[in-house]
Amino acid sequence: MVQVVMTVAGSDSGGGAGIQADLKTFQELGVFGTTAVTAITVQNTKGVREVCPMTPAVVADQMDAILEDFDVACIKTGMLFSADIIRAVAQKLHEFNRPLLVIDPVMIAKGGQSLLLEEAITALKTELLPLATIVTPNIPEAEVLAEMKIETQEDVEVAAKKLLQLGVKAVVMKGGHRKNNENAEDIVYMENGEQFTVSAKWVETKDTHGTGCTFSAALTAELAKGVPLQKAIGTAKQFIQAAISHGLSIGHGHGPTNHFAYRTFNEVKMKEDVINES
Ligand SMILES: Nc1ncnc2c1ncn2[C@@H]1O[C@H](COP(=O)(O)OP(=O)(O)O)[C@@H](O)[C@H]1O
Ligand SMILES: Cc1ncc(COP(=O)(O)O)c(N)n1
């Protein structure tokens with residue numbers, strides 16, 4: 001039976017990030033995607049021109065409609081915009097017995113525009129993060145959540161531990177914003193004290209719009225299928241690496257990644273394997 005997942009996030013009219021990136025990723029990984037839209041953004045690869053938030057009640061109603069009807073295996077959150085929306089989402093998660101939850105703490109778009117009001121940071125930390133199965137901050141987001149500057153490897157670990165203290169079960173400290181990260185290393189810290197890294201070849205490209213959304217959506221899909229956390233993170237890393245390294249070169253700013261690449265190249269590989277066997 002197909003697994004149902006839900007993304008609670010903003011719409012990106014440019015199609016590379018937000019709800020659109022999530023749905024494309026869900027589709028590619030064979031899960032059924034549903035949505036609760038938190039905001040409409042007027043956006044393309046060059047930046048965000050306008051943000052039109054939904055009311056918290058409409059966000060809650062969308063979650064109700066889905067969660068009453070489907071057995072949702074895993075939920076992810078992306079752009080949440082305001083403290084009131086965060087509170088509405090947290091309340092619904094409590095009501096529906098806290099399903100598996102991936103939180104991508106989206107704050108600022110690649111173009112520099114704010115996707116989370118400053119007044120919402122406390123609500124994110126105190127009301128939503130404690131419900132998370134896993135949180136996936138990039139370095140600037142981790143700096144805000146942990147209230148510290150992150151420059152060294154030790155800083156990464158200290159910040160991750162601060163996030164674990166908020167009640168999160170696991171933290172992926174994504175490395176897309178780290179200097180000299182030639183192995184595109186992301187470091188995962190678990191509540192039981194274990195840690196591991198996933199890495200890939202760094203790709204020199206400006207086309208990284210929606211990388212964080214795509215990575216966390218892939219992780220959501222894998223967790224929904226019942227894949228254990230470490231393996232799910234490994235697949236999410238392969239998915240985003242394929243999407244970045246087979247870029248589409250469209251748009252005039254930070255272009256989107258290639259959501260077809262993971263499946264297409266796996267299929268090519270499978271065909272090659274079959275040919276080799278015969
Ligand atoms: N240029 C790149 N080459 C390879 N991997 C990258 C590159 N940029 C980001 N990544 C990877 O993409 C994923 C998303 O990370 P990041 O870009 O830091 O997130 P965000 O979109 O939230 O800023 C991580 O696995 C990161 O290591
Ligand atoms: C609706 C929405 N959600 C998330 C992002 C973050 O993506 P990025 O950091 O790549 O700009 C975005 N730009 N728009």
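For ligands, and for the atoms within them, numbers begin at 1 and follow the listed sequence. All heavy atoms count here, side chains included; hydrogens, waters and symmetry mates do not.
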Under 4.0 Å from any heavy atom of D186, which atoms of ligand 1 are there?
24 (C), 25 (O), 26 (C), 27 (O)
Could you tell me which residues satisfy side-chain hydrogen bond (donor to acceptor under 3.5 Å, both in side chains) with S249, sequence neighbours excluded, listed by chain and number?
none
I need the atoms of ligand 1 closer than 4.0 Å to a non-hydrogen atom of K174, numbered in the order shown.
14 (C), 15 (O), 18 (O), 19 (O), 20 (P), 22 (O)
Name the atoms and distances for all side-chain donor-acceptor pairs under 3.5 Å in residues 1-11, with sequence neighbours left out.
unit_1: T7; atom_1: OG1; unit_2: D22; atom_2: OD2; d: 2.6
unit_1: S11; atom_1: OG; unit_2: Q20; atom_2: NE2; d: 2.9

Please confirm whether G210 comes within less than 3.5 Å of ligand 1 when only nitrogen or oxygen atoms on both sides are compared.
no
As an exercise, identify every atom of ligand 1 less than 4.0 angstrom from a heavy atom of Q241.
4 (C), 5 (N)
Parallel, tilted or perpendicular for F239 and H259, by the 30°/60° rule?
tilted
Between I240, V198, N138, T208, which one has a non-hydrogen atom sitting closest to atom 20 (P) of ligand 1?
N138
Test item, R178 contacting ligand 1 (heavy atom, 4.0 angstrom):
no
Side chain, backbone, both or neither: E204 near ligand 1, heavy atoms under 4.0 Å:
neither
Only distances under 3.5 Å count here; give the side-chain donor-acceptor pairs of residues 46-53 to other protein atoms, sequence neighbours excluded, each with its distance to 0.1 Å.
none

Close-contact set for ligand 1 against A184 heavy atoms, below 4.0 Å
4 (C), 5 (N), 27 (O)
Go through ligand 1 atom by atom and flag the ones less than 4.0 Å from a non-hydrogen atom of K201.
4 (C)
If you look at each N/O of ligand 2, which protein N/O atoms lie under 3.5 Å away, and at what distance?
unit_1: ligand 2; atom_1: 10 (O); unit_2: K110; atom_2: NZ; d: 3.2
unit_1: ligand 2; atom_1: 10 (O); unit_2: G210; atom_2: N; d: 2.5
unit_1: ligand 2; atom_1: 11 (O); unit_2: K110; atom_2: N; d: 2.9
unit_1: ligand 2; atom_1: 13 (N); unit_2: Q43; atom_2: OE1; d: 2.8
unit_1: ligand 2; atom_1: 14 (N); unit_2: Q43; atom_2: NE2; d: 3.2

